[in-house]
Amino acid sequence: MLLLLLGIIVLHVTVLVLLFVSTIVSQWLVNGERAADLWQNCTTGDPFQCMASSSNEWLQAVQAMMILSVIFSVLSLFLFFCQLFTLTKGGRFYITGVFQILAGLCVMSGAAIYTVRHTDWHQASESTSYGFAYILAWLAFPLALASGIVYVILRKRE
């Protein structure tokens with residue numbers, strides 16, 4: 001049982017790190033020496049320069065979804081530790097699982113909106129590609145859902 005709990009905690013922390021990195025790092029869209037993320041556009045040339053991103057409604061929705069996913073995941077980890085000590089024997093970690101599934105759905109919604117609408121913000125070209133932070137956001141989605149489902153299935157034992 002201890003190894004199962006350790007594995008779940010490692011999976012949850014991995015999801016949390018992926019969510020933090022994908023929300024903060026400026027690598028959602030890469031075009032040569034230009035990089036864009038949810039918060040700013042940067043050029044990595046000799047005069048390193050960053051400008052604030054536009055205030056499009058869809059971009060603000062992506063920002064909100066990514067922040068909500070981080071909040072839900074942190075809250076889920078906190079609730080897991082609280083329930084680990086207060087939940088009665090045989091009880092399930094429903095609340096923890098629900099918050100982790102919500103984190104997964106939020107990151108999926110944010111990444112999907114970005115996928116559909118990023119051409120409104122930056123013109124698509126052959127040299128434009130998605131950056132590693134965007135890929136980490138999509139990677140966090142199934143991992144968050146999987147850990148949320150494991151929490152819902154998990155029963156507390158002695």
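Because the structure is a prediction, the values reported are computed rather than measured.
For the atom pair CZ of F93 and CD1 of I153, the computed distance is 13.0 Å after rounding to the nearest 0.5 Å. To the nearest 0.5 Å, the span separating CE on M108 from CD1 on I113 amounts to 9.0 Å. Between the CD1 atom in I9 and the CG atom in L4 there is a gap of 10.0 Å [rounded to 0.5 Å]. Distance check: S147 OG to Q100 CD gives 3.5 Å after rounding to the nearest 0.5 Å. Between the SG atom in C106 and the CD1 atom in I71 there is a gap of 9.5 Å [rounded to 0.5 Å].
Applying the side-chain contact (heavy atoms from CB on, under 4.5 Å) test to F132 and every residue at least two apart in sequence or in another chain returns V21, V25, Q27, L136. With sequence neighbours left out, the side-chain contact (heavy atoms from CB on, under 4.5 Å) criterion links I135 to no other residue.
Linking ILVMFWY residues whenever their side-chain heavy atoms come closer than 4.5 Å, directly or via other members, places I149 and F80 in the same cluster. Under the 4.5 Å side-chain heavy-atom criterion for grouping Ile, Leu, Val, Met, Phe, Trp and Tyr, L68 is not connected to V15 through any hydrophobic cluster. F141 is connected to L143 through a chain of hydrophobic side-chain contacts under 4.5 Å among Ile, Leu, Val, Met, Phe, Trp and Tyr, so both are in one cluster. Put simply, L11 and L79 are part of two different groups of oily side chains (I, L, V, M, F, W, Y) that touch within less than 4.5 Å, one to the next. Linking Ile, Leu, Val, Met, Phe, Trp and Tyr residues whenever their side-chain heavy atoms come within less than 4.5 Å leaves M65 and I24 in two separate clusters.
Remark: the backbone N or O of L19 is paired with a side-chain donor or acceptor of T23 at under 3.5 angstrom. Under a 3.5 Å cut-off, the side chain of R117 and the backbone N or O of L59 do not form any donor-acceptor pair. With hydrogens and angles disregarded, a donor-acceptor distance shorter than 3.5 Å links the side chain of S76 to the backbone of T96. Side chain of H12 to main chain of V74: no donor-acceptor pair is present (N/O by atom type, distance under 3.5 Å, no hydrogens or angles). Remark: the backbone N or O of V10 is paired with a side-chain donor or acceptor of T14 at under 3.5 angstrom.
Under the 4.5 angstrom side-chain criterion for Ile, Leu, Val, Met, Phe, Trp and Tyr, L3 has no cluster partners at all.
Side-chain N/O atoms of T115 and Y134 include a donor and acceptor closer than 3.5 Å.
Among all heavy-atom pairs drawn from P142 and L139, the shortest one is CD-O, 3.3 Å. Nearest approach of A137 to S22, heavy atoms of both residues: N-CB, 3.7 Å. Residues V62 and G110 share a closest heavy-atom pair of CG2-O, 3.4 Å. The nearest pair of heavy atoms linking S69 to V107 is CB-N, 3.8 Å.
At least one side-chain heavy atom of L154 sits under 4.5 Å from a side-chain heavy atom of L5. In this structure, F72 and I101 have side chains that are not in contact, with every pair of non-hydrogen atoms separated by 4.5 Å or more. Contact check for I8 versus Y151: side-chain heavy atoms found under the 4.5 Å cut-off. Two residues are said to be in side-chain contact when any heavy atoms from C-beta on lie closer than 4.5 Å; Y130 and W28 fail this criterion. Counting heavy atoms from C-beta on, the side chains of Q83 and I95 come closer than 4.5 Å.
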